[in-house]
Amino acid sequence: MTVVTRFAPSPTGFLHIGGARTALFNWLYARRMGGKYLLRIEDTDRARSTGEAVAAILDGLDWLGLSGDGEPVFQHTRLDRHAEVARTLLAEGKAYRCYCSPEALREMRERARVLGRTALYDNTWRDRDPAEAPAGVDPVVRLKTPLDGETVIEDLVQGRVAVRNADIDDFVLLRADGTPTYMHSVVVDDHDMGVTHVIRGDDHLNNAFRQAQLFRAMGWAEPRFAHIPLIHGPDGAKLSKRHGALGVEAYREMGYLPEALCNHLLRLGWSHGDDEVIDRGRAAEWFGLEAVGRAPARFDTGRLDSLNAHYIREAGDGRLADTALDWLRRRLARELTPAEEERARRGIAGAKARARTLADLADGLAFYADGQPDGYTPKAAKLLRADGARAALEGVLEAAGGLDDWTEAGVEAAVRALAERLGVKLGAVAQPLRAALTGSHASPGIFEVMAILGREETLARVKAVCPPPASD
RNA sequence: GACCCCUUCGUCUAGCGGUCCAGGACAACGGCCUCUCACGCCGUAAACACGGGUUCGAGUCCCGUAGGGGUCGCCA
């Protein structure tokens, strides 16, 4: 039997972190088992579903590399099929029409709560003669669930979970307007799509019991369920799009790489011994539901930062170049001249070792374009005022002017010789120089910076802070 | 309130009865390296929620307690 998994978001907002992880687990499980991973947009609630949300979710999945195998199924296109299944159930006496008013239902809920019961609906119309139906009331259709015994789910993550059938009420299949509820359409669609493994958030565990009853009523094979623990916020409370959690696009905008986000999400609730850095290929080899934990994890960005830094360092300069240059243009809010672009491109190798995010990377590259885009940092200004700074910079001007070999090795030899001649440590020359060239007290190696900047630009920047004595 | 789930360092976790005075990673702190910042390397501090059992032996099994979370719609 081929494994078929699915990710079924409802398009009422962006793709949030929890959804992204659910999608990732479904994708990984399908890959691992050599199966298929499908997408379904749960848009039966036409009032809350929007086209923008559909686009945002599909975009987010695409960015993460979690697009479905084949085109996504839009649930609203299957309304007729959902109604047809409900009609079958009605005809077989496994479902019935309920004419209770919303007010009556509200009273039932209150009564049930007072009695300390879980099942809310009191089965008013379960066995009542349809002839008693009030005129002019559109009924809902409810499933006739068993009154005795218990429903057991052998969950692949949670283990055996049982609920007494008395605690499962006759839930609604079709609304009064004839449209299907989520509970009904999920089951019909999962069956029709051949879904074998339902991997989703823990918050659906209770729904599984109801859905299992519906599968049984139709005589359909139940899929295996795997309810993965939710991701909580730093405060330990549920993290969901409804509570202000960030969408994946927010992480993209902060400069995180999709592979870093996926790696981080993967390690939230799943582990493989002591392995921490796990790329997509490895994950697809190693992933298994048996290693998914049952306790919720908190979403903490500390490790995400560290993983992102790792993946930035790992990324080939070529692959990173276009992205980095885009970030730099945005950072400077202008286009780059060919010379600036060339310098920035050569600076990527040095800058990426120091960046945790793409935003950091752009910051680290900025000085290659402008001299000091934000002026000198306070620490840099201090370095320029330090004792001996003036002498060191004048020495550089002198030594650099006549240097033939303007390469990293060449300038290094010249600057080291200068420091020796002045009788100071290398740092006494390198630091003021760094401040003059980059506007900062921290940067890639100073000789690398000089080599990339070139003689002309290097001298110009030094002269800017160390004007030569006016000659007459 | 009812039902269901969870509980190892600050965080993510390893641990599937003895090999655990509990291991790794991130974060923190100290040091080395060094032209700065990173990287890298070395080191320090840091946890089995609590109480009962079962067992020769429990972080690991069972039962309670406490705490946390989830679900109880003609939303998904």
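Side chains are part of it too, since the values below use all heavy atoms of this structure and drop only hydrogens, waters and symmetry mates. Quick note on labels: first sequence line is chain A, next is B, and so on, each numbered from 1. Note that the coordinates shown come from a computational prediction; the quantities given were computed from them, not determined experimentally.
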With sequence neighbours excluded, residues passing salt bridge (Lys or Arg N to Asp or Glu O under 4.0 Å) with A:Arg81: A:Glu84, A:Asp192
Does NZ or CZ of A:Arg142 fall inside the cone over A:Tyr121's six-membered ring, less than 6.0 Å from its centre and within 45° of the axis? yes
Using whole Å, what does the distance between atom C1' of nucleotide B:rG73 and atom CZ of A:Arg210 come to? 11 Å
Sorted by chain and number, sequence neighbours left out, ring pair (Phe, Tyr, Trp, His ring centres under 6.0 Å) with A:Trp286 holds for A:His272
Please name all residues satisfying side-chain hydrogen bond (donor to acceptor under 3.5 Å, both in side chains) with A:Thr145, sequence neighbours left out, ordered by chain then number. A:Asp170
For nucleotides 29-48 of chain B, give me one character per nucleotide, 5' to 3': B if any protein heavy atom sits under 4.0 Å from the base, S if the only such contacts are to the sugar-phosphate, - if neither. ------BBBSSS--------
Reckon A:Asn207 touches a base, only the sugar-phosphate, or nothing at all at heavy-atom distances under 4.0 Å? base
Contact string for nucleotides 3-13 of chain B, one letter per nucleotide 5' to 3', B = base within protein heavy-atom range under 4.0 Å, S = sugar-phosphate only, - = neither, reads SSSSS---SBS
Between B:rA25 and B:rU8, how many Å separate the two C1' atoms, rounded to a whole number? 15 Å
Check side-chain hydrogen bond (donor to acceptor under 3.5 Å, both in side chains) between A:Asp169 and all other residues, then give those that pass, not counting sequence neighbours. none
Sequence neighbours left out, what passes side-chain hydrogen bond (donor to acceptor under 3.5 Å, both in side chains) with A:His82? Give chain and number order. A:Asp189
Partners meeting side-chain hydrogen bond (donor to acceptor under 3.5 Å, both in side chains) with A:His204 (sequence neighbours left out): A:Tyr182, A:Asn207
By the salt bridge (charged side-chain N to carboxylate O under 4.0 Å, His left out) test, which pairs, at least two apart or in different chains, include something from residues 408-435 of chain A? A:Glu412-A:Arg416
